[in-house]
2 protein chains.
Amino acid sequence: MEHSKHTSLKDLARVLGVSIPTVSRALKDSPDISRDLCEQAKRLAQEMNYRPNPFAMSLRKNTPRIIGVIVPDIVTHFFASILSGIEDTAVANGYFVIITTSHESYEHEKRNIENLVNMRVEGIIACLSQEMTDYSHWAALADINMPLILFDRVCLTDRFSSVVADGEQSARAATQHLLDTGSRRVAFIGGANHLDIVKRRKHGYLEALRDNRIPIEKELVVCRKIDYEEGKAATESLLALPQPPDAILAMNDTLAFAAMEVIKSHGLRIPQDVALIGYTDEQHANYVEPKLSAVCHQTYQMGQTACHLLIDRLKGDKTVRQVVVPTSLQIRESSVKEG
Amino acid sequence: MEHSKHTSLKDLARVLGVSIPTVSRALKDSPDISRDLCEQAKRLAQEMNYRPNPFAMSLRKNTPRIIGVIVPDIVTHFFASILSGIEDTAVANGYFVIITTSHESYEHEKRNIENLVNMRVEGIIACLSQEMTDYSHWAALADINMPLILFDRVCLTDRFSSVVADGEQSARAATQHLLDTGSRRVAFIGGANHLDIVKRRKHGYLEALRDNRIPIEKELVVCRKIDYEEGKAATESLLALPQPPDAILAMNDTLAFAAMEVIKSHGLRIPQDVALIGYTDEQHANYVEPKLSAVCHQTYQMGQTACHLLIDRLKGDKTVRQVVVPTSLQIRESSVKEG
DNA sequence: TTGAAAGCGGTACCAG
DNA sequence: CTGGTACCGCTTTCAA
């Protein structure tokens, strides 16, 4: 007896004294129903607060108008903002969004995929978890023809459309900027090496060094995990080097703030002793002192784009695309040693 | 031909050469099916990757195991963290979560409620939008017996269970702390007066003044809107007073960071010239300089609690509760003028 | 131990 | 213009 029974077509039919199919058609202004009945039916539906039962609909055609989303977590601003873009776009197109979190765990991720498939969502938008090293559960989605769009951390890009930032280009620009403003020994703090975002950003960093004919020093590249504590440890290890870096490029917000914390705790000045560039949004960059120079992702747009890709796919567009969303390097206070 | 047909009981039945109901029962280990058939059926289900169709289920009993959530936005850390608590709890109990955002708009809020009801979610967890001044759309949920749990910004607490922080007590403690550590003229920046969180925190602030026999000065209380720009304007107006405050209590994170920005931009020192206390989480409080003394909400727990209240309600517990989640005052650098 | 039939709410097709 | 019938996938009597 939970929520007092919804009214169904049957109820309307009974009151109107006509058959169920007739009411169904009347409500959709079918041309072969008398205008009169149409009006009556609609008025009654209004009065009796009739709502089409989505489960009945979905039972016939498999289209519950629900999109599933899998993100590592909801709390990180980067993901929250992307979710926001997804949600707004989905709603604007008449879809609901079910959000699930992988907590960076392979097991969770697998279970979430399972659950969403079981729920018969029309499509899935996802960002890979860090732990994820084998792609079979994603590939399986292609096999059962479940539309999937990946963003940020992606895989199997020949089979699934994806949305990523221009990681290589942004890291290259950030590194170049550090070198242009007085830094000499630039270090890189990244996440697990198997993630392609790590590869790309690291590659951009290395390219910039090469552009400037700076020999690569392996100790200056620390790739552990995207995690606050790991980021702190990475920074500690850099500062403990016999010849520590005089600048650090941290490849995402978690790592950047971890680095900032550690540099400060060592009594070092930013940017004079160690310059710092991170990846983060405007707000967080401005909150800290010194204000963090950072690569800015257009997170909201990434969410929108991912959702649009999915909706296009649901409408039948089978082409696999890789959308690269440009980033912008925003110079603030933490990076410039000299004008 | 979207996602290649799921296998149904019918498919299994055909292969096994038995009737559909039989398979249905076999899969649930019904006692009146031969052990043999049970085993066979389950094995086959496994092989053929059978998934019960949730729409068919939901069509019979109205229990899609989906919870709807309405929040003002996803991006604000406060909400993101609560969502996280809700999501984890929901999943742990076998529920999906559909998240919708009101964008602080009355219209969106109404539409979201509508949509979730149409979708036949089993219950709703929500935080009121700021714009919301009339409660009828929420009251309507009670009429149709849709379980509703409110958090943070609540209404009709006699009919709906809710989860709130101890706003009055926390504001009182924060104000007392300011007075204890050298501040004399404490101002309060709040949001729209019709929100009960605003009322409660303001009340706590006023109580603290009274406790200390400090006359209340109306100009020191500015309640506009919870919004970054509005918060800046509020702070500006305070600093422009003939006798400006020497301390500010900002009743949430958005307002606190806005206040900090403006105070700094005036070249005033925190806390020496103007002491500041906000409401925010640990991480953000520590990012800024000086580190922000702040009331800390147990956001994740608030989400968990709200979800548990809903699940209990879904299990039949009709008692209406008001859960108050304690806060903690965390003294950092922005508030203490003197030891 | 199993099967047949009805029903959940709606749509589509054919008949009249 | 309207009604009858069948079906989507599953559960639940009731009969056998």
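A quick note: this is a predicted structure, and the numbers were derived from the prediction, not measured. A, B, ... follow the sequence lines: proteins, then strands. Residue 1 opens every chain.
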Quiz item: Is the closest side-chain donor-acceptor distance between A:S129 and A:S102 under 3.5 Å?
Solution: no

Quiz item: Side-chain donor-acceptor pair under 3.5 Å between A:Y300 and A:D88, yes or no?
Solution: yes

Practice problem: Assign each of A:K28 and A:K10 to its nearest nucleotide of DNA chain C by heavy atoms, then name whichever residue's nucleotide is nearer the 5' end. | Solution: A:K10

Practice problem: Identify whether the distance between the nearest side-chain nitrogen and carboxylate oxygen of A:R35 and A:E39 falls below 4.0 Å. | Solution: yes

Quiz item: Do the side-chain N or O atoms of A:T22 get closer than 4.0 angstrom to the phosphate oxygens (OP1, OP2) of D:dG3?
Solution: yes

Exercise. May I ask you to decide whether A:K315 forms a salt bridge with A:D312, counting only side-chain N to carboxylate O separations under 4.0 Å?
Key: no

Practice problem: Take the protein atom CG of A:L16 and the nucleotide atom C1' of D:dT2, then report the distance between them rounded to whole Å. | Solution: 13 Å

Quiz item: Taking atom types as modelled, is there a side-chain donor on A:D36 or A:S34 under 3.5 Å from an acceptor on the other?
Solution: no

Quiz prompt | Salt-bridge present (B:R153, B:E104; N to O < 4.0 Å) | solution = yes

Exercise. In whole angstrom, give the distance that lies between atom CG of A:D29 and atom P of D:dT2.
Key: 13 Å

Practice problem: On DNA chain C, reading 5' to 3', which nucleotide is the first and which the last to sit with an atom under 4.0 Å from a heavy atom of chain A, could you check? | Solution: C:dC8 to C:dC13

Exercise. Kindly state which residues belonging to residues 34-57 of chain A come within less than 4.0 angstrom of DNA chain D, counting heavy atoms of the residue only, listed by number.
Key: A:S34, A:L37

Quiz item: Quick one: on DNA chain C, does B:I20 or A:R60 contact a more 5' nucleotide (nearest heavy atom)?
Solution: B:I20

Quiz item: Under 30°, 30 to 60°, or over 60°: which ring-plane class applies to A:H137 and A:Y106, parallel, tilted or perpendicular?
Solution: perpendicular

Self-check item: Spacing between A:D32 atom CG and D:dG4 atom C1', to the nearest angstrom
Solution: 15 Å

Quiz item: Minimum heavy-atom separation for A:T157 to A:V154, with atom names?
Solution: CG2-CG2, 3.7 Å

